[in-house]
Enquirer: 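Below: one structure in structure tokens.
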Number of protein chains: 2
Amino acid sequence: MSQRPVPEATVGRLPLYLRALVDLAATGEATISSETLAAAAGVNSAKVRKDLSFLGSYGTRGVGYDVAYLLHQVRRELGLTQDWPVLIAGAGNLGHALSNYRGFGQRGFRVVAIVDVDPGKVGERIGDLRVGHLDDLAAAVDEHQVAIGVICTPGEAAQGVADRMVAAGLRSILNFAPAVINVGPEVSVRKVDLSTELQILAYYEQRKAALEAVASGAEAASASLSAFPAVGR
Amino acid sequence: MSQRPVPEATVGRLPLYLRALVDLAATGEATISSETLAAAAGVNSAKVRKDLSFLGSYGTRGVGYDVAYLLHQVRRELGLTQDWPVLIAGAGNLGHALSNYRGFGQRGFRVVAIVDVDPGKVGERIGDLRVGHLDDLAAAVDEHQVAIGVICTPGEAAQGVADRMVAAGLRSILNFAPAVINVGPEVSVRKVDLSTELQILAYYEQRKAALEAVASGAEAASASLSAFPAVGR
DNA sequence: CAGTGTGAACCTTTTCACAGCA
DNA sequence: TGCTGTGAAAAGGTTCACACTG
């Protein structure tokens with residue numbers, strides 16, 4: 001496959017480029033410059049060029065990138081030329097929402113199983129699926145060749161569920177539970193914490209409020225407001 | 001308030017420490033070392049000490065940090081000594097789930113309004129709330145002193161909603177829609193993209209599969225598997 | 001003497017700036 | 001001529017290692 005290692009930061013942006021390219025392909029544009037792609041993805045053009053250069057030399061100097069070709073290359077690099085069966089653990093609010101989320105299917109992620117421990121939830125229908133019991137996780141992983149597990153349980157249950165996932169052979173976990181989970185080095189974990197994001201916003205919001213209090217006071221606050229990053233990621 | 005600017009990366013970890021400290025306080029521990037806090041937060045101890053040193057010298061050499069005191073300081077730094085009223089735009093799957101998510105309330109974020117454009121959703125009850133119309137967004141922001149807006153709409157609608165939020169005076173936005181939104185530099189935006197996270201996992205999963213194919217082939221793959229970061233953030 | 005606080009080294013990521021090519 | 005691809009510089013973040021202190 002692709003030669004040198006792609007930096008982590010770049011991998012994190014490839015899905016952004018992918019989305020922009022999909023939108024662009026729909027409009028019928030044949031080629032795109034790094035400048036335009038950068039605008040669509042919300043980054044700067046130097047970053048786009050550097051990132052894409054890790055995948056290979058897919059651009060044409062003086063012209064730009066061929067949309068269809070680049071789209072294919074980014075998809076291939078991300079491993080999205082195949083479908084990925086996904087299992088969700090936890091059929092609460094969030095588990096429900098994710099199971100029904102159309103965006104997953106559109107991007108090649110098929111939710112093939114949902115499990116929970118609550119007897120009141122086991123057996124419930126969600127879309128085309130029936131909620132299974134957590135004890136059947138390993139069987140479901142085997143049966144559907146699941147590659148990625150998603151944890152949507154309360155924080156207390158997260159580690160136990162993660163252990164079962166790893167035992168069942170999963171090596172990629174997306175964790176929505178507000179808890180740190182410990183797994184072996186062969187397992188990739190990504191964490192999405194909804195409250196954390198709000199807390200980070202609260203931090204910057206607070207600073208803005210504090211600055212304004214100063215500004216509305218005696219001396220003009222000459223310091224630029226743009227000291228606040230628009231995006232903290 | 002607090003003096004020197006806290007690095008962005010540190011701000012991003014403060015909620016992690018906060019959660020660990022809350023758990024710890026519940027167990028009754030009075031003090032904690034950077035080593036133990038690090039384990040609870042899933043980072044290393046040097047990072048913990050550096051991070052906390054930006055808030056001030058709150059530790060005691062040879063002893064550690066006073067849990068209750070540090071908890072208070074982290075809360076204060078993050079601006080969590082007050083409640084933050086939140087408005088959600090988009091009452092679909094995700095909007096529903098977030099409205100009902102207990103974790104927000106527990107951490108000082110109160111969902112005070114939900115709006116949508118779909119006539120089938122406007123008027124619907126979600127918890128204690130009634131879904132309002134998007135046109136009433138500004139009124140709701142005023143009435144409830146909303147500080148943070150959350151976008152849970154489809155991608156196409158995100159920019160329009162963001163524009164309304166900014167026009168209504170919001171300067172902090174959490175965007176769950178799969179789209180880049182453009183706002184002025186005075187507005188902080190954080191983005192959570194569910195599909196993006198899965199795509200990143202797919203990338204690493206694919207590489208693992210490729211490596212294993214090589215390993216199970218002729219020559220022993222001497223390259224270490226630990227080239228895969230457990231967490232990509 | 002255990003554990004914080006922090007300079008200094010190191011590594012990653014971003015940005016700059018321009019040579020080189022279609 | 002216009003835009004890519006990329007070295008080199010700058011910025012930001014992490015880790016090391018140890019002086020210092022309660």
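Quick note on labels: first sequence line is chain A, next is B, and so on, each numbered from 1.
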Enquirer: Is any side-chain heavy atom of B/Tyr101 closer than 4.5 Å to a side-chain heavy atom of B/Val111?
Expert: no
Enquirer: By nearest atom, which of the nucleotides D/dT4, C/dT4, C/dT15 is closest to the A/Asn44 side chain?
Expert: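 Closest nucleotide among those given: C/dT15.
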Enquirer: Any chance you could lay out the side-chain hydrogen bond (donor to acceptor under 3.5 Å, both in side chains) test for B/Thr196 and B/Lys191, step after step, and finish with the verdict?
Expert: CA-CA 10 Å; B/Thr196 288; B/Lys191 202 172 68 62; 4.8 Å; no
Enquirer: To the nearest Å, how far apart are A/Arg49 CZ and C/dT14 P?
Expert: 15 Å
Enquirer: Calculate the interatomic distance between B/Leu55 atom CG and C/dT6 atom C1'; express it in whole Å.
Expert: 15 Å
Enquirer: Closer than 4.0 Å, any side-chain N/O of A/Tyr65 to the OP1 or OP2 of D/dG2?
Expert: no
Enquirer: With a 4.5 Å cut-off on side-chain heavy atoms, are A/Phe109 and A/Ile148 touching?
Expert: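 Sidechains of A/Phe109 and A/Ile148: in contact.
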Enquirer: CG of A/Leu14 versus P of C/dT13: gap in Å, rounded?
Expert: 13 Å
Enquirer: Whether the side chain of B/Arg61 and the base of C/dT4 hold a donor-acceptor pair under 3.5 Å is what I'd like checked.
Expert: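 Such a pair exists between side chain and base.
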Enquirer: Could you tell me how far apart B/Phe54 (CZ) and C/dT6 (C1') are, to the nearest whole angstrom?
Expert: 10 Å
Enquirer: Starting from the 5' end of DNA chain C, give me the residue, B/Gly62 or A/Lys47, whose nearest nucleotide shows up first.
Expert: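 Taking each residue's closest nucleotide, the earlier one in sequence belongs to B/Gly62.
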Enquirer: Roughly, in whole Å, what's the span from CD in B/Glu35 to C1' in D/dT15?
Expert: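 Nearest whole value for this atom pair: 13 Å.
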Enquirer: Check the distance between C/dG3's P and B/Leu70's CG and give it to me in whole angstrom.
Expert: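 Distance, rounded to whole Å: 16 Å.
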Enquirer: Distance check: side-chain N/O of B/Ser34 vs OP1/OP2 of C/dT4, anything under 4.0 Å?
Expert: yes
Enquirer: Tell me: CZ of A/Arg13 to C1' of C/dT13, nearest whole Å?
Expert: 8 Å
Enquirer: Counting only side-chain heavy atoms from C-beta out, which of D/dC18, C/dT14, C/dA17 sits nearest to A/Ala9?
Expert: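 Selected nucleotide (nearest to the side chain): C/dT14.
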Enquirer: Kindly give the heavy-atom pair with the smallest separation between B/Leu70 and B/Leu52, and that separation in Å.
Expert: CD2-CD1, 3.8 Å
Enquirer: Between D/dC20, D/dA17, D/dA8, spot the one nearest the side chain of A/Lys50, thanks.
Expert: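 The nucleotide sitting nearest to the side chain is D/dA8.
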Enquirer: Check the pair B/Gln199, B/Tyr203 against side-chain hydrogen bond (donor to acceptor under 3.5 Å, both in side chains), reporting the backbone distance first and the verdict last.
Expert: CA-CA 6 Å; B/Gln199 288 170 350; B/Tyr203 172 83; over 6 Å; no
Enquirer: If I take atom OH in residue A/Tyr58 and atom C1' in nucleotide C/dC21, what distance separates them, rounded to the nearest angstrom?
Expert: 19 Å
